[in-house]
Amino acid sequence: QVQLVESGGGLVQAGGSLRLSCAASGRTLSSYAMGWFRQAPGKEREFVAAITWSGGRTYYVDSVKGRFTISRDNAKNTVYLQMNSLKPEDTAVYYCAAHWGGSYYTSGAYRYWGQGTQVTVSS
């Protein structure tokens with residue numbers, strides 16, 4: 001069992017930056033690839049980024065490439081999402097999740113989820 005807690009969300013102006021953190025307890029995160037998803041009001045949850053257990057490979061949805069960076073510190077049992085050049089369309093609740101099998105891009109491939117952190121980008 002893994003418990004995930006996201007933090008770092010908030011209100012920021014367009015063009016600004018935020019850094020989200022996802023801290024794990026209960027089991028080491030180094031056993032899992034990790035992902036970030038987001039869900040805007042009235043929309044389905046969508047994939048944002050993923051990172052392999054070693055951090056050697058990363059994956060991004062096209063809309064955030066070049067602006068967002070996923071990283072991890074297995075010693076701290078924490079995964080990060082650095083978000084730069086934020087846009088109003090990035091507004092959503094952001095979730096981190098532990099991958100357990102299948103495509104990194106689909107939510108069904110993730111077993112454990114955090115409660116989410118709100119990111120709001122004003123224009």
Side-chain angles (χ1 to χ4, degrees):
Q1 189 78 6
V2 176
Q3 292 80 42
L4 302 173
V5 179
E6 301 95 338
S7 61
L11 174 63
V12 64
Q13 289 187 334
S17 298
L18 285 173
R19 188 195 196 201
L20 305 184
S21 299
C22 172
S25 61
R27 190 170 179 178
T28 177
L29 274 187
S30 63
S31 301
Y32 299 93
M34 296 294 296
W36 285 96
F37 285 74
R38 65 187 180 187
Q39 187 167 18
K43 294 187 177 182
E44 294 187 355
R45 189 171 298 188
E46 69 165 346
F47 169 81
V48 176
I51 187 168
T52 54
W53 69 270
S54 66
R57 290 191 178 184
T58 57
Y59 306 84
Y60 299 93
V61 67
D62 285 346
S63 60
V64 308
K65 285 180 180 177
R67 300 189 298 121
F68 290 12
T69 302
I70 187 172
S71 62
R72 67 190 300 159
D73 185 338
N74 287 339
K76 294 183 178 180
N77 236 18
T78 302
V79 177
Y80 306 97
L81 186 67
Q82 178 67 44
M83 305 186 296
N84 299 328
S85 302
L86 283 162
K87 304 175 181 180
E89 52 262 45
D90 294 319
T91 295
V93 177
Y94 283 71
Y95 300 89
C96 69
H99 180 263
W100 71 302
S103 169
Y104 290 130
Y105 297 91
T106 59
S107 60
Y110 293 78
R111 184 173 186 179
Y112 302 109
W113 292 81
Q115 83 290 346
T117 186
Q118 176 70 47
V119 171
T120 303
V121 184
S122 63
S123 57

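The model shown is predicted, which means the values in this text are computed figures rather than measured ones.
Residues A109 and G101 come closest through the heavy atom pair CB-O, 2.9 Å. Looking at every heavy atom in both residues, S17 comes nearest to Q82 through CB-NE2, 4.0 Å.
By the 4.5 Å heavy-atom criterion applied to side chains, R72 and Y80 are not counted as neighbours. Here the side chains of M83 and V64 are not in contact, with every heavy-atom distance at 4.5 Å or above. Between L86 and L18, some side-chain heavy-atom pair lies under the 4.5 Å cut-off. Between I70 and V79 the shortest side-chain heavy-atom distance falls below 4.5 Å.
Within the structure, the disulfide (SG to SG under 2.5 Å) test picks out the following pairs touching residues 20-123 (sequence neighbours left out): C22-C96.
The OH atom of Y95 sits 13.0 Å away from atom CG of L20, with the distance rounded to the nearest 0.5 Å. Distance OG/S123 to NZ/K87: 14.0 Å, rounded to 0.5 Å. Put simply, CG on N74 and CG on L29 are 7.0 Å apart, with the number rounded to the nearest 0.5 Å. Atom CD in Q3 sits 4.5 Å away from atom OG in S25 (nearest 0.5 Å). Here CE of M34 is found 11.5 Å from OG of S71. Values are rounded to the nearest 0.5 Å.
The hydrophobic clustering, which links ILVMFWY residues whose side-chain heavy atoms are closer than 4.5 Å, places L11 and V119 apart. Cluster annotation: V5 is not connected to L81 through the hydrophobic network of ILVMFWY side chains, with a link wherever side-chain heavy atoms come within less than 4.5 Å.
Panel note: side chain E6, backbone Q115; a donor-acceptor pair is recorded below 3.5 Å.
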Exercise for review: Determine, step by step, whether R111 and V2 satisfy the side chain to side chain contact (heavy atoms under 4.5 Å, CB included) criterion, reporting the C-alpha distance in whole Å, the side-chain angles of both residues, the deciding distance to 0.1 Å, and the verdict.
Suggested key: CA-CA 9 Å; R111 184 173 186 179; V2 176; over 6 Å; no
Check your understanding: Yes or no on side chain to side chain contact (heavy atoms under 4.5 Å, CB included) for T120 and V12, after CA distance, side-chain angles and deciding distance?
Key -> CA-CA 6 Å; T120 303; V12 64; over 6 Å; no
Check your understanding: Which is it for T117 and V93 under the side chain to side chain contact (heavy atoms under 4.5 Å, CB included) test, yes or no, and what are the steps along the way?
Key -> CA-CA 5 Å; T117 186; V93 177; 6.0 Å; no
Practice item. Carefully, step by step, assess T69 and N84 under the rule side chain to side chain contact (heavy atoms under 4.5 Å, CB included). Key: CA-CA 9 Å; T69 302; N84 299 328; 5.7 Å; no
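Between Y32 and Y112, the two ring planes are perpendicular [angle over 60°; tilted spans 30° to 60°]. Aromatic ring orientation, H99 versus Y110: perpendicular (interplanar angle above 60°, classes split at 30° and 60°).
For Y60, the side chain to side chain donor-acceptor pair (under 3.5 Å) test picks out no residue, with sequence neighbours left out. In this structure, the salt bridge (charged side-chain N to carboxylate O under 4.0 Å, His left out) partners of R67, at least two apart in sequence or on a different chain, are D90. Here E46 pairs with R38 under the side-chain contact (heavy atoms from CB on, under 4.5 Å) rule; sequence neighbours left out. Listed by chain and residue number, nothing satisfies the side chain to side chain donor-acceptor pair (under 3.5 Å) test with S7 (two or more places apart in sequence, or in another chain).
In this structure, a donor-acceptor pair under 3.5 Å is absent between the side chains of T78 and D73.
A centroid separation of less than 6.0 Å is found between the aromatic rings of W113 and F37.
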Pairs of donor and acceptor atoms involving the side chains of residues 47-54, under 3.5 Å and at least two apart or interchain, shall be tabulated with distances.
from: T52; atom 1: OG1; to: G56; atom 2: N; distance (Å): 3.2
from: T52; atom 1: OG1; to: R57; atom 2: N; distance (Å): 3.1
from: T52; atom 1: OG1; to: R57; atom 2: O; distance (Å): 3.4
from: S54; atom 1: OG; to: G56; atom 2: N; distance (Å): 3.2

